[in-house]
Amino acid sequence: QVQLVESGGGLVQAGASLRLSCAASGRFFPWYTMAWFRQTPGQEREFVALMTGIATTDYVDSVKGRFTISRDNAKNTVYLQMNGLKPEDTAVYYCAADLTRKSSTYYATYWGQGTQVTVSS
């Protein structure tokens, strides 16, 4: 069982930066593909970024060049550095672990509780 706890969300103005953190329990963390998703009311959860155990990354097109995912295996923590935030980035951001991909969709085994990011214009 893996537990994920996110932190770092908040209310910022457009153009600002935030760094989200996700602390994971469990000794298998270094081998897990870790990811961030986001969700707005009435919408499906959207994949944002992932990093595999060998540091391969992938991003949704809308955040490329602005968001950076990283991980510290010694701390069992994954981060999402978000720069140049836009109002459309407003969402609840979820940390996820142990991803699989079917067709063009990512699925995760473990989820955090989410952290709210609000970007004002």
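Since the structure is predicted, the reported quantities are computational estimates derived from the model, not experimental observations. Worth knowing before you read on, the calculation uses all heavy atoms, side chains too, and leaves out hydrogens, waters and symmetry mates.
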Separation between CD (Q1) and OG1 (T109), nearest 0.5 Å, reads 10.0 Å
From L4 CG over to Y32 OH, what is the distance, rounded to the nearest 0.5 angstrom? 9.5 Å
Identify which one of T68, D89, V119, V117 satisfies the side chain to side chain contact (heavy atoms under 4.5 Å, CB included) criterion when paired with M82. V117
Are the side chains of V60 and E46 in touch, meaning some heavy atoms are under 4.5 Å apart? yes
Candidate pair F47 and T105, rule side-chain contact (heavy atoms from CB on, under 4.5 Å), full reasoning: CA-CA 8 Å; F47 165 77; T105 303; over 6 Å; no
Between D61 and K64, does any side-chain N to carboxylate O distance fall below 4.0 Å? yes
Just one of Y106, W111, Y94 clears the ring pair (Phe, Tyr, Trp, His ring centres under 6.0 Å) bar with F37, so which one? W111
Are Q39 and Y93 side-chain neighbours, meaning at least one heavy-atom pair lies under 4.5 Å? no
Where P87 and A14 come nearest, the two heavy atoms and their spacing: CD-CB, 4.1 Å
Indicate the atoms forming the closest heavy-atom contact of F29 with N73, along with that distance. CE2-OD1, 3.2 Å
R38 and A91: which non-hydrogen atoms are nearest, and at how many Å? CB-CB, 3.7 Å
Closest non-hydrogen atom pair, C95 against M34: SG-CE, 3.9 Å
If every non-hydrogen atom of A49 is compared with every non-hydrogen atom of L80, which pair is closest and at what distance? CB-CD1, 4.2 Å
Of all heavy-atom pairs between Q116 and T90, which one has the smallest distance, and what is that distance? NE2-CG2, 4.0 Å
Could you grab the distance from atom OG1 of T118 to atom CG of L18, nearest 0.5 Å is fine? 9.5 Å
Joint hydrophobic cluster, Y107 plus M51, side-chain heavy atoms closer than 4.5 Å: no
Between atom CZ of R71 and atom OG1 of T57, what is the distance when rounded to the nearest 0.5 Å? 11.5 Å
Show, in sequence, the C-alpha distance, side-chain angles and deciding distance for L20 and F67, and conclude whether the side-chain contact (heavy atoms from CB on, under 4.5 Å) test is met. CA-CA 11 Å; L20 306 182; F67 291 11; over 6 Å; no
Would you say CD of Q3 has more than 12 non-hydrogen atoms from neighbouring residues, nucleotides or ligands within 6.0 angstrom? no
Is the backbone of Y110 close enough, under 3.5 Å, to the side chain of D98 for a donor and an acceptor to pair up by distance? no
Could you walk me through whether L50 and L99 pass the side-chain contact (heavy atoms from CB on, under 4.5 Å) test, one step at a time? CA-CA 9 Å; L50 68 80; L99 263 68; 4.0 Å; yes
Taking it one step at a time, do Q81 and S17 satisfy side-chain contact (heavy atoms from CB on, under 4.5 Å)? CA-CA 7 Å; Q81 178 67 43; S17 298; 3.9 Å; yes
About how many Å separate CZ of R66 and CG of N83, when rounded to the nearest 0.5 Å? 9.0 Å
d(Y79 OH, R19 CZ) to nearest 0.5 Å is 5.0 Å
